[in-house]
Novice: 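Below is the structure I would like to discuss, written out as structure tokens.
First the proteins, then the strands, lettered A, B, ... as listed; each starts at 1.
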Amino acid sequence: MLDIRFIRQNPDAVRDALKKRGVEAALDEFMKMDEERRNLLFEAEKLKNLRNQESEEIARKKKAGEPVEDLILKMREVSQSIKEMDEKINSLEESLQRILLTIPNIPDDTVPVGKSDADNVEVRRWGTPRTFDFDFKAHWDIGEALDILDFNRAGKITGSRFAVYKGAGARLERALINFMLNLHVEKHGYTEIFPPFIVNRDSMTGTGQLPKFEEDAFKLYNNTDYFLIPTAEVPVTNLHREEILEKDSLPIYYVAYSGCFRAEAGSAGRDTRGLIRQHQFNKVELVKFSEPESSMDELEKLTRDAEEVLQILGLPYRVVALCTGDLGFSSAKTYDIEVWMPSYNRYVEISSCSNFKDYQARRAKIQYRPEKGAKPQFVHTLNGSGLAVGRTTAAILENFQQPDGSVVIPEALREYMGGMDKITKR
RNA sequence: GGAGAGAUGGCCGAGAGGUUGAAGGCGCUCGCCUCGAAAGCGAGUGGGCGUAAAUCCGCCUCGUGAGUUCGAAUCUCACUCUCUCCGCCA
């Protein structure tokens, strides 16, 4: 959420930022309502001041035994006016809030301007995509041939866009989760969180999934207003919703494994095969809370932390800076890490690392005190996948497949696989 | 699911319609004292909004939302959460 004062004072900057994103917002109407609200508020406050003073007067007179009937009658009318004005103010506030919640974040100055993912800028590459001297297969074919992935039965159990992992496949997924968590906890200094996979509406609003993207989320219908989390970002960022953090506690680094659930509305027909786009998938998520001054540095470090997973696994990847048109709703700056996926013959997103600056913090009211006794300020929040586990499994199957149909397990995962160095058909 | 109790400032805890934004204590900050510390003494100490900012001032805020009233932390209703007992349960 943007600061309403910032919009008031810099409407052109906001308009410009939205244009770069390719988004329209009813700013003129917004400014008008804001002014009306403030005028009404001023009038209402004058009346409230009168009411407070006269109420004390009544108390004083009553105690002294003086008559108060006239005053009470007069105040009855004042109270009625206050009530009417408050109702108008409230309805204006609701409208303003509704608009405010649908205005995306302002892109950082360093974000390349562009319309779509075609305008994203490659920042760096690591590793070299392997050239195959045999007829390589897509991971869904590898998985089914090795009897470690079963999409058909998942369709029977639930429906499309679900997968069953079996045997070494299930173990590989679990190994990756543990490997990633251990790396981030032990080497990068993150604190592990195991969050609820179901959250309430306030949490979804705090991180920006709601109100605008409700159709993307799975909603629970048991007389509750609960949602399945689309990412651990939601529960973990909301850990500190409506809190004032100690300066000394910053930066805070959290890492969380969670299942993730996405309706994938609007992506019908895309990535219909394999593990790339599922309604349910596993992810290890990195979340940071930082002081404003250091959040850009923290974004660089967070991205490197995520990259290291791919480096240790030996998977080629590249990092791209998302352009203004491709930037997520709440993000001020995002790097996508894309892993080489032979079946796609291109790099495929496996992590998205973002600095939200104070946008989520303002929505979720996450503050800190810059100094003892100072006014609280909004922290900056960041997060990134470290990594999407299902896509990592897919990348391992494809990049490390052998001519005989087996798949070599990366060295670093073997201790998590009971020493297994290769998945073969059994 | 049934029965009961509760939710007040960073924490503990009073308050039961009228200078109560809130006694008292703890904690914290600053000052005095001290070579220094402790103790003691004095002062201060939630958040939001009000065109930028400090001060002043005003409005709002005692779980959340509505209501009664000239006036609500105090009364009414709904909701949320916490605790205790019973039931059920991985």
Novice: Strictly below 4.0 Å, N to O, side chains only: are A:R161 and A:E264 in salt-bridge contact?
Specialist: no
Novice: Any side-chain to backbone donor/acceptor pair from A:R391 onto A:I350? Under 3.5 Å, distance only.
Specialist: no
Novice: Expressed in whole Å, how much space separates the C1' atoms belonging to B:G46 and B:G27?
Specialist: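 It works out to 14 Å between them.
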Novice: Tell me whether the side-chain N or O atoms of A:K48 pair up with the base of B:G58 as donor and acceptor below 3.5 Å, since no angle test is needed here.
Specialist: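 Absent.
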Novice: Roughly how far apart, to the nearest Å, are B:U8 and B:G63 at atom C1'?
Specialist: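 That atom pair is separated by 10 Å.
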Novice: With a cut-off of less than 4.0 Å, is there a side-chain N or O of A:R51 near OP1 or OP2 of B:C70?
Specialist: no
Novice: Between A:Q53 and A:Y226, name the one whose nearest nucleotide on RNA chain B is closer to the 5' end.
Specialist: A:Q53
Novice: For nucleotides 49-54 of chain B, give me every protein contact, N/O to N/O, under 3.5 Å, one pair per line with atom names.
Specialist:
residue, atom, partner, partner atom, Å
B:A52, OP1, A:R5, NH1, 3.3

Novice: Do any side-chain atoms of residues 193-205 of chain A form donor-acceptor pairs under 3.5 angstrom with protein atoms, and if so which ones, sequence neighbours left out?
Specialist:
residue, atom, partner, partner atom, Å
A:N200, OD1, A:D202, N, 3.3
A:N200, OD1, A:S203, N, 3.0
A:N200, OD1, A:S203, OG, 3.3
A:R201, NE, A:D225, OD1, 3.4
A:R201, NE, A:D225, OD2, 2.6
A:R201, NH1, A:E214, OE1, 3.4
A:R201, NH2, A:E214, OE2, 3.2
A:R201, NH2, A:D225, OD1, 3.3
A:S203, OG, A:R241, NH2, 2.9
A:T205, OG1, A:R201, O, 2.8

Novice: Whole-Å distance between B:G48 P and A:R362 CZ?
Specialist: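 Those two atoms, CZ and P, are 12 Å apart.
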Novice: Rounding to the closest angstrom, what is the interatomic distance between B:A73 and B:U34 at atom C1'?
Specialist: 44 Å
Novice: What's the CG-C1' distance between A:L50 and B:C60, to the nearest Å?
Specialist: 17 Å
Novice: For residues A:M180 and A:T392, determine if any side-chain heavy atom of one lies less than 4.5 Å from a side-chain heavy atom of the other.
Specialist: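 A side-chain contact exists here, since the closest heavy-atom pair is under 4.5 Å.
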Novice: If I take atom CD1 in residue A:I82 and atom P in nucleotide B:G71, what distance separates them, rounded to the nearest angstrom?
Specialist: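 Result: 8 Å.
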Novice: Given B:C70, B:G48, B:U68, identify the nucleotide with an atom nearest to the side chain of A:P376.
Specialist: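 Side chain of A:P376 sits closest to B:G48.
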Novice: Is A:N52 close enough to B:G58 that one of its side-chain N or O atoms is under 4.0 Å from OP1 or OP2 there?
Specialist: no
Novice: Looking across every strand, which nucleic acid part, if any, lies under 4.0 Å from A:I58 by heavy atom: base, sugar-phosphate, or nothing?
Specialist: base
Novice: Expressed in angstrom and rounded to an integer, what is the separation of A:K74 atom NZ from B:G71 atom C1'?
Specialist: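 Whole-Å distance recorded here is 15 Å.
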Novice: Is there a side-chain contact between A:R369 and the phosphate of B:G47, meaning an N or O under 4.0 Å from OP1 or OP2?
Specialist: yes
Novice: Are OP1 or OP2 of B:G71 and a side-chain N or O of A:S79 less than 4.0 angstrom apart?
Specialist: yes
Novice: Please compare A:E54 and A:A59 by the position of their nearest nucleotide in RNA chain B and report the one closer to 5'.
Specialist: A:A59
Novice: Whole-Å distance between B:G10 P and A:E246 CD?
Specialist: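 A:E246 atom CD is separated from B:G10 atom P by 11 Å.
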Novice: If we take the P atom in both B:G6 and B:A14, what is their distance in whole Å?
Specialist: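 Comparing P positions in B:G6 and B:A14 gives a spacing of 12 Å.
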Novice: To the nearest angstrom, how far is A:E94 atom CD from B:G65 atom P?
Specialist: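 The answer, rounded to whole Å, is 12 Å.
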Novice: For B:C81 and B:G87, measure between their C1' atoms and round to the nearest Å.
Specialist: 22 Å
Novice: In sequence, state the C-alpha distance, the side-chain angles, and the governing distance for A:D358 and A:R362, and then conclude on salt bridge (Lys or Arg N to Asp or Glu O under 4.0 Å).
Specialist: CA-CA 6 Å; A:D358 62 2; A:R362 184 171 290 108; 3.0 Å; yes
Novice: Is it the case that the side chain of A:H139 and the backbone of A:L275 share a donor-acceptor pair, with hydrogens and angles ignored and the cut-off at 3.5 Å?
Specialist: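 At least one qualifying donor-acceptor pair exists.
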Novice: Between A:R414 and A:E411 (salt bridge meaning N to carboxylate O under 4.0 Å), is one present in this structure?
Specialist: yes
Novice: NZ of A:K212: more than 12 outside heavy atoms within 6.0 angstrom?
Specialist: yes
Novice: In whole Å, measure the gap between the P atoms of B:C59 and B:U69 for me.
Specialist: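 Taking atom P in both B:C59 and B:U69, they lie 22 Å apart.
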Novice: Suppose you measure atom C1' in B:U29 against the same atom in B:U84; what distance do you get, rounded to whole Å?
Specialist: 40 Å
Novice: Select base, sugar-phosphate, or nothing to describe what A:K63 touches, counting heavy atoms under 4.0 Å on all strands.
Specialist: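 Result for A:K63 = nothing.
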Novice: Could you run through RNA chain B and flag its stems, i.e. three or more consecutive Watson-Crick or G-U pairs with both distances under 3.5 Å?
Specialist: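 In RNA chain B, stems of three or more pairs: B:1-7 with B:80-86, B:10-12 with B:24-26, B:27-32 with B:40-45, B:46-50 with B:57-61, B:63-67 with B:75-79.
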Novice: Check for a donor-acceptor pair, side chain of A:N238 on one end and backbone N or O of A:V234 on the other, with a separation under 3.5 Å.
Specialist: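 Flag set: sc A:N238 to bb A:V234 pair under 3.5 Å.
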Novice: What is the separation between atom CG on A:L73 and atom P on B:G71, rounded to the nearest whole Å?
Specialist: 12 Å
Novice: Can you check whether A:S343 reaches A:W140 side chain to side chain, under 4.5 Å on heavy atoms?
Specialist: yes
Novice: Rounded off to whole Å, could you give me the CD-to-P distance for the A:E56 and B:G58 pair?
Specialist: 10 Å
Novice: Taking only the side-chain nitrogens and oxygens of A:N49, find out if one of them lies under 4.0 Å from OP1 or OP2 of B:G58.
Specialist: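 No, no such contact exists.
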Novice: With the threshold set at 4.0 Å, does a side-chain nitrogen-carboxylate oxygen contact exist between A:K46 and A:E43?
Specialist: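 Yes, this pair counts.
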Novice: Can you check the distance between B:C32 and B:C49, where both ends of the measurement are the P atom (answer in whole Å)?
Specialist: 35 Å
Novice: If the threshold is 4.0 Å, N to carboxylate O, is there a salt bridge linking A:R38 and A:E35?
Specialist: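 No.
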Novice: Would you say A:Q367 reaches B:G48's phosphate, i.e. side-chain N/O to OP1/OP2 under 4.0 Å?
Specialist: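 Answer is yes, contact under 4.0 Å.
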